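Here the structure is laid out as structure tokens; the discussion comes afterwards.
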Amino acid sequence: MELASLAKRRYTTKAFDASRKIPEASIDALLEQLRHSPSSVNSQPWHFVIASTDEGKARIAKGTEGGFAYNAPKVLKASHVIVLCSRNDMTEEHLQALLEQEARDGRFHSEDARVGQDNARRGYVALHRYDQKDLQHWMEKQTYLALGTLLLGAAALGLDATPMEGFDFKKLDEELGLRAQGLTSLVLVALGYRDEADFNAGLPKSRLPAEQLFTHI
């Protein structure tokens, strides 16, 4: 089945079967895909918190208390939940870590190539920090690229996924100690297998027609 068809089926789960766990090999493959997500100038301004235990999912569910309680069952009954976090700043330490990793991975055939990559990345950071003044928003956009990779990867592996922005990020940041790490929670993704009683699975999908969405030139 084509990935697009899988995606249409699997991005919409509203109820998970709590008795079914994702095999470790599938989670390992999914996390490796997530690790290789693309980002502008390879900035990788993200971190991922993975909850697979009842205790871990309960901690994440604290972010759904109050006005977001409708999302608590999705968190608690999922096999795994991933918190996609974005950096609050593009620090010198992170820039150096990226450059050193690229060097270890054989990305540079010369010192000029290394300097060129470093300067290009710093140029984009400076553009968004000083000129456009949207550095954190730019980093969040990169993290949403990782979200797309995660959802497509889950579909390819036959997993159901539910992305959620409906949670109290301040409460979750505090629970996970994210701000002390220079991070903030951005979006949750619950993963697992849909419950047979999932009402949403049987509903027809609703999207705007292709002629309204695509312009061919």
Side-chain angles (χ1 to χ4, degrees), residues 1-39 42 44-64 68 71-87 94 97-98 101-102 104-106 142-167 169 172-173 175-178 180-181 183-198 200-201:
M1 185 179 294
E2 292 184 357
L3 191 57
S5 298
L6 280 170
K8 284 191 286 187
R9 286 198 304 113
R10 296 189 172 276
Y11 290 179
T12 56
T13 296
K14 301 298 182 184
F16 288 97
D17 182 346
S19 69
R20 299 185 66 188
K21 295 291 289 185
I22 299 172
E24 186 174 351
S26 295
I27 285 294
D28 289 345
L30 185 59
L31 294 182
E32 189 64 6
Q33 287 181 311
L34 184 57
R35 189 174 73 86
H36 283 90
S37 297
S39 59
N42 198 28
Q44 302 178 60
W46 49 52
H47 186 80
F48 311 107
V49 178
I50 299 95
S52 58
T53 65
D54 289 342
E55 293 79 9
K57 287 180 286 185
R59 291 185 66 188
I60 293 174
K62 290 182 180 180
T64 64
F68 303 106
N71 275 330
K74 303 181 189 73
V75 171
L76 295 171
K77 292 185 178 181
S79 171
H80 291 67
V81 181
I82 298 180
V83 184
L84 285 81
C85 307
S86 181
R87 299 184 65 86
H94 184 66
L98 292 171
Q101 186 63 54
E102 289 166 337
R104 285 193 294 270
D105 290 336
Q142 309 316 309
T143 305
Y144 270 90
L145 291 177
L147 172 63
T149 299
L150 175 60
L151 294 177
L152 288 170
L157 290 167
L159 306 176
D160 292 304
T162 301
M164 292 170 277
E165 291 182 315
F167 67 97
F169 70 91
L172 187 57
D173 286 0
E175 172 63 29
L176 300 179
L178 295 176
Q181 303 174 59
L183 301 166
T184 187
S185 54
L186 192 61
V187 61
L188 311 178
V189 178
L191 298 159
Y193 302 97
R194 68 163 55 101
D195 192 290
E196 290 299 321
D198 179 8
N200 200 58

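Numbers for residues simply follow the sequence, beginning at 1. Only a predicted model underlies this, so the values are computations on that prediction, with no experimental measurement involved.
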Lys77 atom NZ, over 12 foreign heavy atoms within 6.0 Å: no
Residues, nucleotides or ligands: over 12 heavy atoms within 6.0 Å of Glu32 CD: yes
Test side chain to side chain contact (heavy atoms under 4.5 Å, CB included) applied to Val81 and Val75, Val49, Leu76, Thr162, the passing residue: Val75
His80 and its side chain to side chain contact (heavy atoms under 4.5 Å, CB included) partner, picked from Val189, Thr53, Ile22: Ile22
[X] to [Y] - nearest heavy-atom pair and separation:
X	Y	result
Ala78	Ala190	CB-CB, 3.8 Å
Leu191	Ala154	CD2-CB, 4.0 Å
Gly56	Ala51	C-CB, 3.7 Å
Leu34	Ala146	CD1-O, 3.5 Å
Leu157	Ser26	CD1-O, 3.6 Å
Cys85	Leu183	CB-CB, 4.3 Å

Measure the shortest side-chain to side-chain distance between [X] and [Y] over non-hydrogen atoms and say whether it is less than 4.5 angstrom.
X	Y	answer
Val187	Tyr144	yes
Leu145	Gln142	yes
Ser185	Asp173	yes
Pro163	Leu151	yes
Glu196	Asp17	no
Ile50	Ile82	yes
Leu84	Phe48	yes
Asp198	Asp160	no

N/O donor-acceptor pair under 3.5 Å between Ser39 side chain and Gln44 backbone: yes
Test item: Thr143 side-chain N/O and Trp46 main-chain N/O as donor-acceptor pair under 3.5 Å: no
Rounded to the nearest 0.5 Å, how far apart are [atom1] of [X] and [atom2] of [Y]?
X	Y	atom1	atom2	result
Leu188	Thr64	CG	OG1	8.5 Å
Thr149	Gln33	OG1	CD	8.0 Å
Lys74	Met164	NZ	CE	6.5 Å
Arg87	Leu178	CZ	CG	12.0 Å

